[in-house]
Amino acid sequence: SDPRERRLKAIYDALDAGNNKKAIQEAEKVLRKEAGDSLCAKALRALALLRSGRLDEATAAASEVERVDTSEESVLQAMTYFYKESHRLDRIAAMYERAVQQQPKSEDLLTSLFMAHVRVLDHKKQQLTAAKLHRLAPSKNPYYFWSVMSVLMQATECGGELASKMLLPLAAKMAEAFRDRMNAEAEVQLYLMVLEMQERFEDCLATLDGPLSSLLSPQSTEMTRQQRMGYLEKLGRKQELADARWEDLTTEPNDWARWQSCIQSSINADISQGGDYVEADPRLSELQSRMDAIAAEHPGLSGPRLARLELMRRCPVSCRPETALSLMRSYFEAFASRPAVASDLLQFRSLLSETDENSSPAKLLELIRPGLPEWPKAAADADRQQLVRDLTARINYEQLSRGLLNKPMDAEQRNAKIAELIQAYRANLLDGLRPTEVQPADDLLLLAVSLHYDAWLVEDAKQSETHLLQALYLLDEGLSGSPSNYNIMLWMIRLFIALGAWTPASNLYERLDVKQILLESVGFVLSRQVARCGLLSQGLVMLNNTAMFYKNNWRDIVEHLCTAYRIGNFRKVPELSP
């Protein structure tokens, strides 16, 4: 009902709609009617000018607002947005400090001031502000633990004796003084963080086993289990750790990371108690029996089967090439129709013998080849799911063969293999796929391209250029059938750069629509070739885009930091801080 509020609402609506020009007009209209006395209208006008790209005018308008000390929430919020978008986060803290001087008992203003210090990583001022909040509202635990977390971050930041002798003991004393008043999981986790930084792992375990454990929610059971195992590892309790790993494994028996940790912990526990393994060691037999029992209980899972091979790799004394070959063969036969089976097995190539023909890589391929399905052919009446399974099995075999043998082919063998792969690829193209789906047979095309690429690496320049062009022809054919297959596009970028063709490589890079952290990882595929191609201006554009990602991303990160404090997710604070 307030006419002034209605006029300001028109500015807010224009800003929300992205109509900055109208927002400026509405703000100027309010200022004319109120004889320039509306600080909120001035702040909103500065924000609209900034979003319109009129930086000098926006800065001048903001300076006019800055000259007036105010605690009006609408003005403070508008200026907070202005400073965030202009990357001047330090001004937010200064603005709220002046506002708090006017209303020192305002809980909302003090909370906003605390978050302003969080944005600029001023941990000392965070601590002082949180202490004021706690004195103002002593019944609210979060304010007290904001202060504890701020002390902890000061210790993380400075390190050395100051951290170990003063700041960490202070944080521990503060947390322990509130043990009886803790009423939330976040507070217990912060207490554990303090103990961890002091390397008081016995106290950490005692906390997890004590009355404070009742505050840990059922949803955090997994995290608590991982914490307990981490403390046992730090304390060197190898047998207890191994037992805990096996218990943890029962919750996710197909988790490969869990299997690796479990195997290594069991090995460490055995060696610590009985020395190094020897041949026919009963301790190894016991480990193998436990793995076999889990594999028998979960016959459809790949993790337990791979675990036997992992044990052989970590304990060479237990490795028998013929046993490894048998395990690898049974693994392939059980899971051949699943993707990535070849990469699963190739990590254990060293377990096979290079001298004994009966346990060599070639023997493994010879044994599994008879069980392979024939090359499938796509047809209108074919069972598509069965076709994909058969095709995946053949692809896995071809990838495994390439990885295991890894020997150069002569021109005749290579051309015959390329022709076989391309024929199988073209015979298994599926109709009716969405543009975002990839053809199941694309990996056959990429294998053929790899063979051309191998030839380019070893043959003379004139012949090698022919191989690159033939590979690009195949990749272009594949891209027409799978327009969203990023592997094909990355291969094409690689080959175009090898030919010195920057423009098509750059066009494909743009088609990849690289965003966020991929600018750093995938962007390297192209940016590292800039100097080689002599196109420094284009490279500068790419690097500026990546730098801008980090600049803009920091603005989001500081808001995530504020959220971590608000919801009590204190473990995220060190992760998000630089």
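What you see below is based on every heavy atom in this structure, not just the backbone, and it leaves out hydrogens, waters and symmetry mates.
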E374 and R394 ion-paired at < 4.0 Å: no
Residues that Y231 engages under side chain to side chain donor-acceptor pair (under 3.5 Å), provided they are two or more places apart: E196
Neighbour count above 12 (heavy atom, 6.0 Å) for Q273 CD: yes
Minimum side-chain heavy-atom gap N396-L345 below 4.5 Å: no
Polar side-chain atom of R511 near backbone of M489 as donor-acceptor pair, under 3.5 Å: no
Any donor-acceptor N or O pair under 3.5 Å, side chains R389, Q386: yes
Salt bridge (charged side-chain N to carboxylate O under 4.0 Å, His left out) against R305, all qualifying residues, sequence neighbours excluded: none
Short side-chain to backbone donor-acceptor contact, D255 and L249, under 3.5 Å: no
Heavy-atom pair with the smallest gap, counting every atom of S353 and P361: O-CD, 3.5 Å
Contacts of K417 that satisfy side chain to side chain donor-acceptor pair (under 3.5 Å) - sequence neighbours left out: E398, E420
Inter-residue atom distance Y425.OH - I418.CD1, 0.5 Å rounding: 15.0 Å
Sequence neighbours excluded - salt bridge (Lys or Arg N to Asp or Glu O under 4.0 Å) pairs with any residue from residues 315-324: E279-R320
Side chain to side chain donor-acceptor pair (under 3.5 Å) partners for E354, two or more places apart: R349
Beyond-backbone contact of T250 with I294, side-chain heavy atoms, under 4.5 angstrom: no
Taking every non-hydrogen atom, the tightest pair across L474 and A448: CD1-CB, 4.3 Å
S289 side-chain N/O to S285 backbone N/O, donor-acceptor pair under 3.5 Å: yes
Separation of L469 CG from W456 CH2 (nearest 0.5 Å): 12.0 Å
Reported CD-to-OG distance for the pair Q227 and S220, which is rounded to 0.5 angstrom: 8.0 Å
Parallel, tilted or perpendicular: rings of F570 and Y565 (30°, 60°): perpendicular
Separation between CG of L400 and CG of L405, rounded to the nearest 0.5 Å: 8.5 Å
P376 backbone acceptor or donor facing N428 side chain under 3.5 Å: yes
For K234, all residues meeting salt bridge (charged side-chain N to carboxylate O under 4.0 Å, His left out), sequence neighbours excluded: none
For D556, salt bridge (charged side-chain N to carboxylate O under 4.0 Å, His left out) partners two or more places apart: none
Which atom of P504 lies closest to which atom of F496, heavy atoms considered: CG-CD2, 3.7 Å
Side chain to side chain donor-acceptor pair (under 3.5 Å): pairs with one or both residues in residues 433-446, sequence neighbours excluded: D442-S482, D442-N485
Residue pair D270 / L284, side-chain heavy-atom distance below 4.5 Å: no
Any residue meeting salt bridge (charged side-chain N to carboxylate O under 4.0 Å, His left out) with R566, in chain and number order, not counting sequence neighbours: none
OH/Y81: more than 12 non-hydrogen atoms of other groups inside 6.0 Å: no
For S266 against L287, the heavy-atom pair lying closest together: CB-CD2, 3.5 Å
Heavy-atom side-chain contact between S302 and W256 under 4.5 Å: no
Value rounded to 0.5 Å, distance of CG in L576 from CD1 in I557: 6.5 Å
Step-by-step side chain to side chain contact (heavy atoms under 4.5 Å, CB included) determination, M193 to R571: CA-CA 8 Å; M193 287 175 65; R571 287 199 175 271; 3.6 Å; yes
Gap separating the CZ atom of R369 from the OG atom of S401, nearest 0.5 angstrom: 8.5 Å
Side chain to side chain donor-acceptor pair (under 3.5 Å): pairs with one or both residues in residues 490-503, sequence neighbours excluded: Y453-R494
Nearest heavy atoms of A324 and L351, plus distance in Å: CB-CB, 3.8 Å
Step-by-step salt bridge (charged side-chain N to carboxylate O under 4.0 Å, His left out) determination, E286 to R283: CA-CA 5 Å; E286 183 181 349; R283 295 172 296 173; over 6 Å; no
Results of side chain to side chain donor-acceptor pair (under 3.5 Å) for N268 - residues two or more places apart only: Q264
Presence of salt bridge, K363 and E366, under 4.0 angstrom: yes
Test item: N254 and H298 side chains (from C-beta on) under 4.5 Å apart, heavy atoms: no
Closest contact, heavy atoms only, A307 versus I263: O-CD1, 3.6 Å
Worked verdict on M409 versus N415 for side chain to side chain contact (heavy atoms under 4.5 Å, CB included): CA-CA 9 Å; M409 300 180 180; N415 292 337; over 6 Å; no
L306 side chain reached by F335 side chain, heavy atoms, under 4.5 Å: no
Sequence neighbours excluded, every pair satisfying side chain to side chain donor-acceptor pair (under 3.5 Å) that has a member inside residues 330-340: R329-E333, Y331-D344
Residue pair R51, L15: steps toward the side chain to side chain contact (heavy atoms under 4.5 Å, CB included) verdict: CA-CA 9 Å; R51 291 180 177 178; L15 285 171; 4.0 Å; yes
Polar side-chain atom of S360 near backbone of E357 as donor-acceptor pair, under 3.5 Å: yes
Donor-acceptor pair, side chain of S261 and main chain of A257, under 3.5 angstrom: yes
Side-chain heavy-atom pair L475, L446 within 4.5 angstrom cut-off: yes
Expected output: side-chain S484 to main-chain P435 donor-acceptor under 3.5 Å: yes
Heavy-atom side-chain contact between C562 and R119 under 4.5 Å: yes
Electrostatic pair R225:D248 at N-O distance under 4.0 angstrom: yes
Verdict with supporting geometry, R402 and L447, side chain to side chain contact (heavy atoms under 4.5 Å, CB included): CA-CA 9 Å; R402 176 175 168 81; L447 281 168; 3.8 Å; yes
